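Only heavy atoms go into these numbers, but all of them, side chains included; no hydrogens, no water, no symmetry mates. Residue numbers start from 1 in every chain, and the chains themselves are labelled A, B, ... in the order their sequence lines are given, proteins ahead of strands. Keep in mind the model is a prediction, meaning the values are calculated, not measured.
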Amino acid sequence: MATQQSRSAARLMMAPAVVLLLGWMLVPLTMTLYFSFKKYLPLRGGDLGWVGFENYARFLTSSAFWPSVQTTLVIVGGVLAITVVLGIFLAILLNQPMWGQGMVRILVIAPFFVMPTVSALVWKNMFMDPNYGLLAHLWKLFGATPVEWLSQASLPSIIMIVSWQWLPFATLILLTAIQSLDSEQLEAAEMDGAPAHKRFAYITLPHLGRAITVVILIQTIFLLSIFAEIFVTTGGAFGTKTLSYLIFQRVLESQNVGLGSAGGVYAIILANIVAYFLVRIVGKNLDA
Amino acid sequence: MARSIAPRRKAINTLLAWSIGFLIFFPILWTILTSFKTEATAIANPPVFIGFDWTLENYQAVMERSNYGRFLWNSIVIAGGSTILGILIAIPAAWSMAFVPSKRTKDILLWMLSTKMLPAVGVLYPIYLLFIRMGLLDTKIGLMIVLMLINLPIIVWMLYTYFKEIPGEILEAARMDGATLREEVIYILTPMAIPGIASTLLLNVILAWNEAFWTLNLTAAKAAPLTAFIASYSSPEGLFYAKLSAASTMAIAPILILGWFSQKQLVSGLTFGAVK
Amino acid sequence: MGRITLDKVSKSFGDVEVIPPLDLTIEDGEFTVFVGPSGCGKSTLLRLIAGLEDITSGQIRIDSEDATNVPPAKRGLAMVFQSYALYPHMSVRKNIAFPMKMAGIDQAEQDKRIDAAAKALNLTDYLDRRPGQLSGGQRQRVAIGRAIVREPAAFLFDEPLSNLDAALRVGMRLEISELHERLKTTMIYVTHDQVEAMTMADKIVVLQAGVIEQVGSPLELYERPCNKFVAGFIGSPKMNFIEGKEAANLGATTIGIRPEHISISTTEGQWKGTVGVAEHLGSDTFLYIHADVSPNETMTVRVDGEFSARHGDTVYLTPRAERIHKFGADGLRIE
C-alpha cells in the first residue's frame, strides 16, 4: 500500500519524532564530547582550557573505574538472571488452574508501580536496617546475628531490591507468552511420550524465546541507568558504585565536569557495546 | 479442551501462588500498615502486624512538614503532560512505520530504542546547562519535555506494534472513501487503536511518574514531583518509619490504584508485540 | 460516466516487474472481470486503477482525464475489499455514511441515500449494529452499500466473495449482477474463480504473470480460447489436453477437448479407456478415465444425466470433431 504520496507523507509524519530524538541524542552528546577535552570546574574557576585526552586517561586510570564497570555489569546481569528465572517459574505457576488467579496477578504486579525512590527507602529502612528492619527481626527469631545488608552484602542487597521491582514485569510478559502457547502442542508432545521436564525444555521454553528477548531488552535499557536505588541506599559506598553513579559523583559531587564528561563518553561506549549485542539478538527475534 | 484437574493439585497451586504473591506484595502491605502505626509501634520488637491502634497522625505530620498537594500536582502535570506530548508526536511516526514500512523502518525503530540506552549521567551536565540557558530548570514544562523524549522510543514502539495489528485494507478503504491522510488518522486509525493507545498512555504515565533521575536532578522547589518529595525522607536526620511509610504510601497510592485498575490493558502493551 | 483506459501501464516492485506494459480499455457501464491464478497480478492491476499503488510507467485515464497522479480519494472510484474493510468502531449507518461525510454531502441527502442503499441491500434492520455483529454476507452488503452511496464513476471489487461460504457466494453473485443491471455503472471485478468470471462478466480479462492472455466475452473465451492457458483456465471441469500422435494427425502439437464435448459408450468409439472414478451427481455424471491417447493424465468426461459406470469398466470415448481446439508448439491456437 505504498504510493509515492503516502511515502512522502510517511516521511513527513515520522520527521518530528526522528528530529527530536536526533537532537536529544546529538546536542548533549556534542556538548559532552566538548567538555570531556577541557578542564572544567564550574565552582573552581570554570573553563580552564583544553587538556586533550587527560580527562580520559585520568578517568580510565582512576581506581574506581574498572570496579564501577564490573558493578554495573554484575547488577544488570544479576537482576536479569533472577527476574528471568523466577519469572519463568512464576509464569508457569500462575498459568496453572487455581482459585483467585486474578487477585494473585494483582499482588504480583504491584511492585512495578512503586517508584524506585520509595522502594529503595522502604527496603533500606524497614527491611534491611540491622536494628529495626524486619529482616533483622527474622534473623533474631532464629537466633542469628542480623546482617548489615547494605554494608556487608551491599551488592546482593541492591540486586535484590531491583529484582523485586522488575520481577512483575518479567513474570507478566512471560505469563502472557505462556498463555498464548497452543495447548494442543503440549498435548501432542504428551501423547508422544515426552515427560514434563522435556515438554518444558523442547516446547514451552522455545515458545518463550521472543518474550524472554523482550524482557532482557527492556530491562537492560532501564537497568543500565538505575540511579535512585543506589542514591538512596548506599550512595555508592560499599562497592555499589556503578559507572553511572561514578560519573554522577564526578559531575555533581566533585563538580569536575571535564572528568565526568570523559566518564560519560565511556558510559556511552559501554552502552553502545551492550546495545550492539542486544540489537543483534532482538533484531533477529522481533519482526519489527 | 481443558482437562479436569485433581482438586488437590489445584489447592496446592492456589496455596503456592497465593503465598508467593503475598510475599511479593508484602513490602507494600507492610509500608501501608506501618503508616497507620505510631512511631513507637513501628519499631516495636517483635513487630506488630495488625493488632495496633490505628492512627492518622503520620499523615497529618507529613502534610504539615511538606506541601504534598503541590508535589502531587507536579507529578500529575509532568507525567500527564509528557505522555500526551509523546503520544501526539508518536502517533504519526508509528502510522508511518506500520503502514508505509520501508527497508529502514526496523533500523529506525531500533535506533530510537538505542537512544534510550544512552546513559543519562553522561549528558546530565549539558542538559543542565541548556536548561539554565533556556530558563527551563525547575519548571514543569522542562521536565515534561525531557520525560517525553526519554519515553518517546517506547511510545513509538508500542503504538507501532498496535497499529501493525490493524489491517491496512481498512485504511485503504478510508482512502478510497475520500478521506485525506489527516481524516484517515483521526476518524479511522485512532478510534480503532484506542485500546492500544490507552495502554501506551498508561505505561508512560507510570514510567514518567516513577522516573527518578531527571526529576531529582532538574528540579528544586517549584517543579519537584513526588519522587523528590519522597527523596527528602532519605536524609539520615532521625528516621521515622511511620512517617516515612505514610509519605511512601502517599507517593505510590495514585499510580498503584491506576495500575491495578488497568493492569489487563497494561500487560498486553508491555509485551511490545513480541507475544500475541 | 466511467470509461477507464490503461495506456502502456506497468508496475515493478524494486527490480521485479510484476506487470509488463499493458493496454486495456474498459468501456462505460461494462462489467469487466480480471481473472487468473493467484499471483497473476490481477489484484495489483486493480490497485493501480484504484490509485492505492503507483504505476511505474504509462498512463491511466478515467473518462479521458489523466488520473495517473490523482490520489485514490480523488479518482471517484469505489472499492469493495476482500476483507470487506468495514470500520469496526462505526455502526453500519456510519460506515455507509463515511464516504459521504468525507465528500461533505449534507445530512438530509446522506440519510436519503443511506435509506435507499439499505433498502436495496436488505440492511434496513441492521443500520445501528456494528460490523462485528453481522454475518459474512451482511458485512459484504454493507461494504457494497458504502460503495454505492458515493455514486462512483466505477466500482472496483477485489475478490469480494472469497470469504463467503459456497451457498452464500452464489446468492451474492446474483445480487452483484443485478446491482450492475440496475445501476449500469462500470464495474471491475477481480477473482480467481472462473465460474464467477463466466457468470458475471460482460468482458473477461484473463491474466497470467502480469500479462493479458486474452480479452473477450465469456462465450468468446469458452469457444475460441486463444491459447492453451486460457483454454485450460476457462471452463469447468477443465479442458482435456492430448498430445502426441493424436494431435499430430490434426496438424497440432496439442489438441484440447472439453469434458462436455465428448460422448461416451460402453461398446464402441474413437478412444479406448478404463474408468478411474465416476462421480454421480444425478443431473450429471463426471467420469475420470485413463485413456490410451492420454497416458499421463486422466481425461474428464461429463455426461448429462446418469451414466452407470464403475471403477475398472472399459469405455470408449468419441470427441465432437467441430469442438476440438488445436494448439501449436508455442501454445497458441491454430485455426
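The contact between A/Leu167 and chain B is made entirely by side chain atoms (from C-beta outward), counting heavy-atom distances below 4.5 Å. Heavy atoms closer than 4.5 Å to chain A are found in both the backbone and the side chain of B/Ile255. In this structure, chain B has a heavy atom under 4.5 Å from the side chain of A/Leu90, while its backbone stays farther away. Heavy-atom distances place no part of B/Leu258 under 4.5 Å from chain A, backbone and side chain included. Interface residue A/Phe35: only side-chain heavy atoms are found under 4.5 Å from chain B. Proximity to chain A (any heavy atom under 4.5 Å) is shown, for B/Ile145, by neither the backbone nor the side chain. Neither the backbone nor the side chain of B/Ala90 comes within contact range of chain A; no heavy atoms are under 4.5 Å apart. Looking at A/Trp164, the atoms closer than 4.5 Å to chain B (heavy atoms on both sides) all sit in the side chain, from C-beta outward. With a 4.5 angstrom heavy-atom cutoff, B/Ala98 does not touch chain A via any of its atoms. For B/Trp111, the part lying near chain A is the side chain, with the backbone staying farther off; criterion is any non-hydrogen pair under 4.5 Å. With a threshold of 4.5 angstrom between heavy atoms, A/Leu93 approaches chain B through side-chain atoms but not through N, CA, C or O. At a 4.5 Å heavy-atom cutoff, the contact between A/Val18 and chain B is made by backbone and side-chain atoms alike. At a 4.5 Å heavy-atom cutoff, the contact between B/Ile108 and chain A is made by side-chain atoms alone. Only the side chain of B/Thr34 comes within less than 4.5 Å of a heavy atom of chain A; its backbone N, CA, C and O stay farther away. If you measure heavy-atom distances from A/Leu224 to chain B, the contacts under 4.5 Å come from the side chain alone. Contact of B/Leu15 with chain A is not made at all, since no heavy-atom distance falls under 4.5 Å.
Each of A/Ile247, A/Leu12, A/Thr32 has some count of heavy-atom pairs under 4.5 Å with chain B, and the biggest count is that of A/Thr32. Comparing B/Ala94, B/Ala17, B/Ser102, B/Gly86 by heavy-atom pairs within less than 4.5 Å of chain A, the highest count is held by B/Ala17. Of all the listed residues (A/Gln179, A/Met98, A/Gln101, A/Met103), the one sharing the greatest number of non-hydrogen pairs under 4.5 Å with chain B is A/Met98.
Taking CD of B/Glu211 as the reference point, atom CZ of A/Phe222 lies at 9.5 Å (rounded to 0.5 Å). How far CE of A/Met126 is from OG of B/Ser248: 7.5 Å, rounded to the nearest 0.5 Å. Between atom CG of residue B/Leu130 and atom CE of residue A/Met31 there is a gap of 4.0 Å, rounded to the nearest 0.5 Å. Taking CD1 from A/Ile218 and NZ from B/Lys116, the interatomic distance works out to 8.5 Å, rounded to the nearest 0.5 Å. Atoms CG and OG1, on A/Leu21 and B/Thr115 in that order, are 4.5 Å from each other to the nearest 0.5 Å. We find the CZ-CZ distance between B/Phe213 and A/Phe248 to be 6.5 Å, quoted to the nearest 0.5 Å.
Heavy-atom neighbours of B/Tyr128 OH from other residues, nucleotides or ligands within 6.0 Å: at or below the threshold of 12.
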Task: Residues B/Ile20, A/Phe89; criterion side-chain contact (heavy atoms from CB on, under 4.5 Å); working and verdict - done: CA-CA 11 Å; B/Ile20 293 175; A/Phe89 168 75; 3.8 Å; yes
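The closest side-chain heavy-atom distance from B/Asn217 to A/Phe231 is not below 4.5 Å. Contact of the B/Pro92 side chain with the A/Met14 side chain is not registered, since no non-hydrogen atoms from C-beta on lie closer than 4.5 Å. B/Asn13 is listed as a side-chain neighbour of A/Pro97, based on a closest heavy-atom distance under 4.5 Å. Within the 4.5 Å cutoff, no side-chain heavy atoms of B/Val123 are placed close to those of A/Met25. Residues B/Arg9 and A/Gln96 form a side-chain contact, since some pair of their non-hydrogen atoms from C-beta on lies under 4.5 Å apart. The shortest side-chain heavy-atom distance between A/Val108 and B/Phe25 does not fall under the 4.5 Å cut-off. Side-chain contact between A/Phe113 and B/Ile252: absent, with no pair of heavy atoms (C-beta onward) separated by less than 4.5 Å.
Here the shortest heavy-atom pairing between B/Ile24 and A/Pro111 reads CG2-CG, 3.6 Å. The two residues A/Trp123 and B/Pro27 have their closest heavy-atom pair at CZ2-CG, 3.7 Å. Closest heavy-atom contact between B/Ile127 and A/Pro28: CD1-CG, 3.7 Å. Of all non-hydrogen atoms in A/Ala110 and B/Leu256, the two that sit nearest each other are O-CD1, 3.7 Å. Scanning all heavy atoms of the two residues, the minimum distance from B/Ser96 to A/Ala10 falls at OG-O, 2.9 Å. Among all heavy-atom pairs drawn from B/Ala212 and A/Thr117, the shortest one is CB-CG2, 4.2 Å.
With hydrogens and angles disregarded, a donor-acceptor distance shorter than 3.5 Å links the side chain of B/Trp18 to the backbone of A/Trp99. In this structure, B/Trp260 contributes its side chain and A/Ile106 its backbone to a donor-acceptor pair below 3.5 Å.
Using a 4.5 Å heavy-atom cut-off against chain B, the contacting residues of residues 256-269 of chain A are A/Val257, A/Gly264, A/Ala267, A/Ile268.
With B/Ile28 as reference, A/Val114 is the one residue of A/Val118, A/Leu107, A/Val114 to meet the side chain to side chain contact (heavy atoms under 4.5 Å, CB included) rule.
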